[in-house]
Amino acid sequence: MTTAQPLDVQPTPLALLLLGREADPRSERGVECPGDLPAPSDPDLVARARAAKEKLGDKVFVLGHHYQRDEVIEFADVTGDSFKLARDAAARPDAEYIVFCGVHFMAESADILTGDAQQVVLPDLAAGCSMADMATAEQVAECWEVLTEAGVADVTVPVSYMNSSADIKAFTGKHGGTICTSSNAQRALEWAFQQGRKVLFLPDQHLGRNTAVRDLGMSLEDCVVYNPHKPNGGLTPEQLRAATMILWRGHCSVHGRFSLDSVNDVRERIPDVKVLVHPECKHEVVAAADYVGSTEYIIKALEAAPAGSKWAIGTELNLVRRLANRFADQGKEIVFLDKTVCFCSTMNRIDLPHLVWALESLVDGKVVNRIQVDEETEHFAKLALERMLKLP
């Protein structure tokens with residue numbers, strides 16, 4: 001009987017990255033925390049956060065995305081969606097430190113829009129975005145080559161969702177395109193079709209499809225999906241030439257969970273309920289909903305809703321739960337659209353221990369987890385963002 005020899009197998013860089021034991025500065029996936037975090041059970045965490053923030057004073061500006069935990073939102077100077085927060089940061093040039101409680105691409109956008117003297121901190125580098133990770137610079141460059149070979153690149157305008165990396169924003173800026181948010185996607189597409197005959201929409205296929213079909217009156221047949229994991233995107237030159245919207249095969253892991261069954265089920269369970277969903281949801285969910293809109297739209301719709309109204313909301317659970325608590329005393333019944341609890345797992349990584357660690361490090365004069373975009377990438381990404389700011 002022979003003794004089995006140990007296999008000389010080394011983990012791949014991707015495997016190490018996914019385990020949080022390797023770094024990739026161009027990925028939305030993060031790395032181990034470089035310092036010692038306070039214990040989550042520390043009863044003094046709230047007091048420590050308040051003390052650190054008070055010591056820093058006007059030197060620090062804390063941004064909190066709507067999908068963050070309540071314990072983090074409590075310490076945010078402003079709350080909002082990703083682009084609003086980046087603009088809020090740019091409007092505070094005297095703040096030396098911008099602590100962005102959100103995800104990696106948001107902190108990149110803040111770094112692009114703020115001054116050179118300001119430093120952007122992400123409390124946990126592992127707070128990324130799976131959707132943003134679905135389009136890498138190399139994949140998009142290869143896609144553009146496919147479009148070039150099909151003879152359509154010169155009539156195609158890239159439009160990239162705000163939920164994308166700085167590299168993708170820079171690609172968009174280089175190729176004459178613009179950035180969009182879920183609030184202004186229709187205006188961005190209208191502008192793009194004034195520049196060319198086709199749009200390459202990155203990286204969320206659902207927002208692109210919903211905007212094209214629901215808002216611009218296109219048909220589903222006008223849209224094709226480019227899959228970066230298939231040769232030539234899984235499309236023929238003829239399909240690319242016939243398409244009006246070339247959608248990247250990306251999606252939000254939270255909004256993509258909602259289904260038509262979710263909508264039908266909640267209507268059966270709650271009579272007279274109004275279904276309100278984010279446009280990152282699948283097309284059949286958006287088509288079945290009563291209202292569709294961005295995070296800010298959802299908040300404003302619920303603020304304006306009459307007392308006693310019933311709502312099923314298709315967006316991230318932290319926000320839905322916060323809104324339900326906020327409007328409970330007005331008799332508004334607000335429930336999560338799906339029966340299954342679903343937080344944004346990467347947004348949820350930023351907790352009070354990470355925030356306390358980041359703030360106390362700044363008090364000690366140490367800038368941790370700084371997010372910096374290189375000059376060339378920043379230049380072209382800013383071009384794309386500035387085109388968005390000029391949209392009518």
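Residues take their numbers from the sequence shown, with the count starting at 1.
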Look at [X] together with [Y] and state whether they make a salt bridge at an N to O cut-off of under 4.0 Å.
X: Lys53; Y: Asp77; value: yes
X: Glu74; Y: Arg50; value: yes
X: Lys84; Y: Asp88; value: yes

Query raised in the report: Are Arg269 and Lys339 side-chain neighbours, meaning at least one heavy-atom pair lies under 4.5 Å?
Result: yes
Under 3.5 Å side-chain donor-acceptor pair for [X] and [Y]:
X: Glu190; Y: Gln194; answer: no
X: Tyr67; Y: Thr295; answer: yes
X: His255; Y: Thr315; answer: yes
X: Asp133; Y: Ser130; answer: no
X: Thr181; Y: Asn184; answer: yes

Query raised in the report: For Asp42, which residues count as a salt bridge (charged side-chain N to carboxylate O under 4.0 Å, His left out) partner, sequence neighbours excluded?
Result: Arg48
Could you check whether atom [atom1] of [X] has more than 12 heavy atoms from other residues, nucleotides or ligands sitting under 6.0 Å from it?
X: Asp329; atom1: CG; value: yes
X: Glu284; atom1: CD; value: yes
X: Asp364; atom1: CG; value: yes
X: Asp272; atom1: CG; value: no

Requested in this report: Kindly compute the distance separating CD1 (Ile168) from CZ (Phe105), expressed to the nearest 0.5 Å.
Outcome: 13.0 Å
Requested in this report: Answer yes if the ring centres of Trp311 and Tyr291 are under 6.0 angstrom apart, and no otherwise.
Outcome: yes
Report task. Compute the centroid of each ring, for Phe258 and then for Phe336, and state whether the two points are separated by less than 6.0 Å. Result -> yes
Query raised in the report: For the side chain to side chain contact (heavy atoms under 4.5 Å, CB included) test, which of Cys252, Ser294, Pro279 pairs with Leu207?
Result: Pro279
Report task. Kindly indicate, with the supporting measurements, whether the criterion side chain to side chain contact (heavy atoms under 4.5 Å, CB included) is fulfilled by Met245 and Asp222. Result -> CA-CA 6 Å; Met245 287 286 292; Asp222 291 321; 5.7 Å; no
Report task. Without swapping roles, check the side chain of Asn264 against the backbone of Asp261 for a donor-acceptor pair under 3.5 Å. Result -> no
